[in-house]
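Just follow the structure's listing: the first ligand is 1, and inside any ligand the first atom is 1. Residue indices begin at 1 and follow the sequence shown.
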Amino acid sequence: MIGPETVAEPAALPRQVAVLIIGAGFAGLASAIKLAASGEQDFLCVDRGPEVGGTWRDNTYPGAACDVPSQLYSFSFALNPDWTRSFSTQPEIQDYLREVARDSGVTDRFRFGVEVLAASWDSECALWRVETSAGPVAANLLVSAAGALSEPKLPEVPGLEDFGAAVFHSARWDHGQSLAGKRVAVIGTGASAIQIVPAIAGQVAQLQVYQRTAPWVLPRHDREYRRLERSAMRRVPGLQRLLRNLVYLGREATVPMFIAAPKLASLVSRSATANINRAIADPVLREKVRPHFALGCKRVLISNDWYPALARDNVELITEPISHLTRDTIVTADSTAREVDVLIVATGFQATEQPIADLIKGRDGQTLGQAWSERGVQGYKGATVHGFPNLFFVVGPNTGLGHSSMVYMIESQVAYLVDAWRQMRRHGLATVEPLAAAEQAWNADLQRRMRRTVWSTGGCRSWYLDAHGRNVALWPRTTYKFRRLTSSFDLGAYRSTALADRPEPASIP
Ligand code: N01
């Protein structure tokens with residue numbers, strides 16, 4: 001991996017647990033807290049990083065902040081009256097997660113610096129056998145809360161491997177590398193890059209920004225909360241929840257723009273064009289940053305300082321494709337070579353082809369990666385996969401959002417998982433696995449709905465789509481609908497086996 005390595009102490013693991021959770025970000029933390037609240041204390045959460053936080057722990061680049069208001073981008077069961085602004089910065093979100101973890105009383109079952117290397121389903125014992133960097137663990141239930149945005153994706157640019165200048169990915173920021181007075185290049189103009197570029201433009205000597213596709217960027221309506229507001233949120237009963245609900249409803253109201261009536265987006269796109277015209281006087285640069293696809297097709301970005309940063313004298317927006325890299329230059333297709341001291345790769349994540357899928361081997365000995373390459377990345381209700389008993393995803397296929405808070409979706413998925421485990425215990429079940437027919441029907445419906453969305457018709461190529469052009473990342477309905485559909489575990493859609501058919505625990509090797 002490009003960027004500094006994280007080193008953590010290996011930790012002792014129990015031999016067997018009821019539930020093993022992979023990942024200690026928002027999803028893993030919520031899973032642990034809600035399992036404990038349901039009465040299940042026999043779980044373990046492993047994470048290869050040094051502490052909780054997941055993507056908010058890893059993305060420490062300058063300017064990192066959330067583009068969903070914190071009132072909604074936080075747990076419903078741990079509201080935080082102390083947010084200092086409407087869209088919180090990464091350090092504040094990371095502090096919030098640390099605090100939630102500390103107050104939850106579950107972190108004694110968290111092990112950091114532990115990487116999952118492989119997981120195989122043992123049909124005879126009805127257990128997951130998981131190999132980790134700290135030794136083996138067996139678990140009745142395996143929960144992947146590893147996240148879709150955890151594995152950096154590098155651009156396929158010839159010469160990157162042997163590039164002589166410093167190189168790191170936006171999610172593996174090298175804080176030891178000073179940028180002051182240097183010639184710096186940023187590849188990418190997505191959600192990460194539009195936060196990085198304004199944050200560093202003032203300190204570098206020269207900044208080259210390599211853009212493949214001009215994004216839609218709306219104004220960011222962000223502001224600091226006044227002391228009085230924070231105090232009111234703490235003291236006035238129900239005020240913060242009311243505010244949260246209003247933010248939620250405002251976001252839900254935008255769903256038709258994405259899924260049914262993309263023409264509504266033209267109203268919003270006027271505000272994006274005004275955002276450009278306010279900051280950029282040069283007509284050539286204005287033309288370069290003008291998007292050529294329907295608003296919403298890729299993630300809609302928000303920033304007040306992206307366009308002003310591009311208009312700076314020391315910043316150059318390069319739209320010519322990168323041809324190759326030599327020892328310390330970036331060469332574009334028009335044969336222009338630009339020297340750089342530091343290259344920042346802000347090219348996103350392996351979102352649709354999640355590497356963890358290659359580590360998980362199901363009932364037939366096939367890895368999830370192999371299964372998904374045959375039938376496409378899909379699951380049932382974004383949570384479970386046919387052929388992989390007792391495996392649950394939090395943030396699984398088609399659970400991502402383009403308009404609202406992932407934390408809301410995470411809580412829906414965690415409720416489904418916790419109810420599944422509750423029902424398994426109540427009915428004395430050893431295994432549950434979604435029926436192939438249930439999974440197929442779920443996905444046929446999803447893909448039918450996808451056809452009308454802006455993600456399919458908007459004329460762009462986004463990370464939401466897999467190699468076959470299927471949208472396997474996003475949820476094409478309201479988040480409220482998702483919550484209703486996942487509010488309880490629907491055992492009828494599953495093939496189950498009884499605990500009585502499993503060998504006695506004593507005989508489990
Ligand atoms: O990654 P991206 P990201 N040559 O995949 C370009 C979340 N997030 O890290 O558009 C040149 O969006 C690529 O170009 P193109 C959020 O969900 C949230 O920025 O594919 N360019 C694109 O411009 C987001 O969607 C926040 O043509 C190349 C960029 O790299 C997700 O993370 C903040 C290239 C990649 O953009 C990912 O965002 C940050 C090449 N060879 C991230 N290859 C919040 O605020 C790729 N690109 C909550």
Side-chain angles (χ1 to χ4, degrees), residues 3 25-26 54-56 58-70 72-74 85-90 92-94 147-160 168-173 185-199 208-218 220 222 251 289 291-293 296-303 306 317-325 330-333 343-353 395 399-407 409 455 458-465 473-475:
F26 264 105
T55 193
W56 291 103
D58 293 343
N59 282 271
T60 58
Y61 59 75
C66 193
D67 58 10
V68 174
S70 308
L72 189 59
Y73 199 86
S74 47
R85 53 189 318 115
S86 40
F87 293 87
S88 296
T89 58
Q90 177 270 336
E92 197 169 4
I93 297 171
Q94 180 61 11
L149 303 178
S150 52
E151 295 286 350
K153 185 173 187 169
L154 301 179
E156 285 163 19
V157 179
L160 182 62
F168 51 89
H169 188 274
S170 52
R172 301 286 183 272
W173 196 268
V186 174
I187 303 183
T189 53
S192 301
I194 69 139
Q195 296 183 332
I196 293 168
V197 166
Q208 305 157 22
V209 180
Y210 290 87
Q211 170 183 281
R212 192 164 63 179
T213 311
W216 283 101
V217 185
L218 294 174
R220 184 182 179 91
D222 184 20
R251 296 269 158 171
V289 299
H292 293 280
F293 59 90
C297 184
K298 283 171 178 274
R299 190 176 178 88
V300 181
L301 310 181
I302 54 168
S303 174
W306 166 245
L317 181 69
I318 299 145
T319 52
E320 198 65 36
I322 298 172
S323 144
H324 62 280
L325 309 182
I330 300 180
V331 184
T332 45
L343 171 58
I344 298 160
V345 183
T347 45
F349 299 88
Q350 299 178 43
T352 54
E353 61 291 336
V395 191
T399 59
L401 300 177
H403 75 290
S404 191
S405 170
M406 274 313 293
V407 184
M409 295 298 271
W455 309 307
C460 78
R461 167 98 220 158
S462 70
W463 63 258
Y464 304 149
L465 310 179
L474 295 190
W475 171 243

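- Nearest to atom 9 (O) of ligand 1 among the protein's heavy atoms is S192 OG, 2.7 Å.
- Proximity of the aromatic rings of H169 and Y61 is defined here by a centroid distance below 6.0 angstrom, and this criterion is not met.
- Of the protein's non-hydrogen atoms, T189 N, 2.9 Å is the one closest to atom 23 (O) of ligand 1.
- With rounding to the nearest 0.5 Å, the separation of CG in N59 from CD in Q94 is 10.5 Å.
- The protein atom (non-hydrogen) at minimum distance from atom 36 (O) of ligand 1 is G190 CA, 3.6 Å.
- Residues T189 and R212 fail the side-chain proximity criterion, which asks for heavy atoms closer than 4.5 Å.
- Side chains of L343 and I187 form a contact here, defined as non-hydrogen atoms less than 4.5 Å apart.
- Counting heavy atoms under 4.0 Å from ligand 1, residue F293 does not touch it at all.
- Of the protein's non-hydrogen atoms, the one nearest atom 41 (N) of ligand 1 is P155 CB, 3.4 Å.
- Of the candidates L401, D67, V157, I187, it is I187 that places a heavy atom closest to atom 11 (C) of ligand 1.
- Of all heavy-atom pairs between S462 and K298, the closest is CB-CG, 3.9 Å.
- A heavy-atom separation below 4.0 Å is found between Q195 and ligand 1.
- Near Y61, meaning under 4.0 Å from one of its heavy atoms, ligand 1 places the atoms 33 (C), 39 (C).
- The closest side-chain heavy-atom distance from I330 to Y210 is below 4.5 Å.
- The single protein non-hydrogen atom nearest to atom 18 (C) of ligand 1 is A191 CB, 4.1 Å, given as residue, atom name and distance.
- Checking only distances, W56 never comes within under 3.5 Å of ligand 1, N or O to N or O.
- The backbone N or O of V197 sits nowhere less than 3.5 Å from a side-chain atom of W306 that would complete a donor-acceptor pair.
- Side-chain atoms of I196 and S170, non-hydrogen and from C-beta on, do get closer than 4.5 Å to each other.
- Here's the thing with E156: none of its N/O atoms is less than 3.5 angstrom from an N/O atom of ligand 1.
- Between P155 and I322, the closest side-chain pair of non-hydrogen atoms is not below 4.5 Å.
- S303 approaches I194 most closely through the heavy-atom pair CB-CD1, 3.7 Å.
- At least one heavy atom of A65 sits under 4.0 Å from some atom of ligand 1.
- In the vicinity of G188, heavy-atom distances shorter than 4.0 Å reach the ligand 1 atoms 6 (C), 23 (O), 29 (C), 30 (O).
- Ligand 1 lies less than 4.0 angstrom from a heavy atom belonging to C66.
- Taking distance alone, with nitrogen or oxygen atoms compared against 3.5 Å, R212 approaches ligand 1 more closely than that limit.
- Looking at heavy atoms from C-beta onward, W173 lies in side-chain contact with I344 at the 4.5 angstrom threshold.
- Checked by distance only, ligand 1 and T213 come closer than 3.5 Å through their nitrogen or oxygen atoms.
- Within the 4.5 Å cutoff, side-chain heavy atoms of D67 are placed close to those of R299.
- For atom 47 (N) of ligand 1, the closest non-hydrogen atom of the protein is T347 CG2, 3.6 Å.
- Checked against a 3.5 angstrom limit, the closest N/O atoms of L149 and ligand 1 fall outside it.
- Closest non-hydrogen pair, R220 versus F87, comes out as NH2-CB, 3.2 Å.
- Counting atoms of ligand 1 from 1 in the listed order, those under 4.0 Å from a heavy atom of A346 are 29 (C), 30 (O), 35 (C).
- The shortest side-chain heavy-atom distance between V395 and M409 does not fall under the 4.5 Å cut-off.
- Ranking protein heavy atoms by distance to atom 1 (O) of ligand 1, first place goes to G348 CA, 3.1 Å.
- Ligand 1 lies within reach of K298, whose nearest heavy atom is under 4.0 Å from it.
- Ligand 1 lies nowhere less than 4.0 angstrom from a heavy atom belonging to I322.
- Counting protein heavy atoms only, atom 16 (C) of ligand 1 is closest to R299 CD, 3.4 Å.
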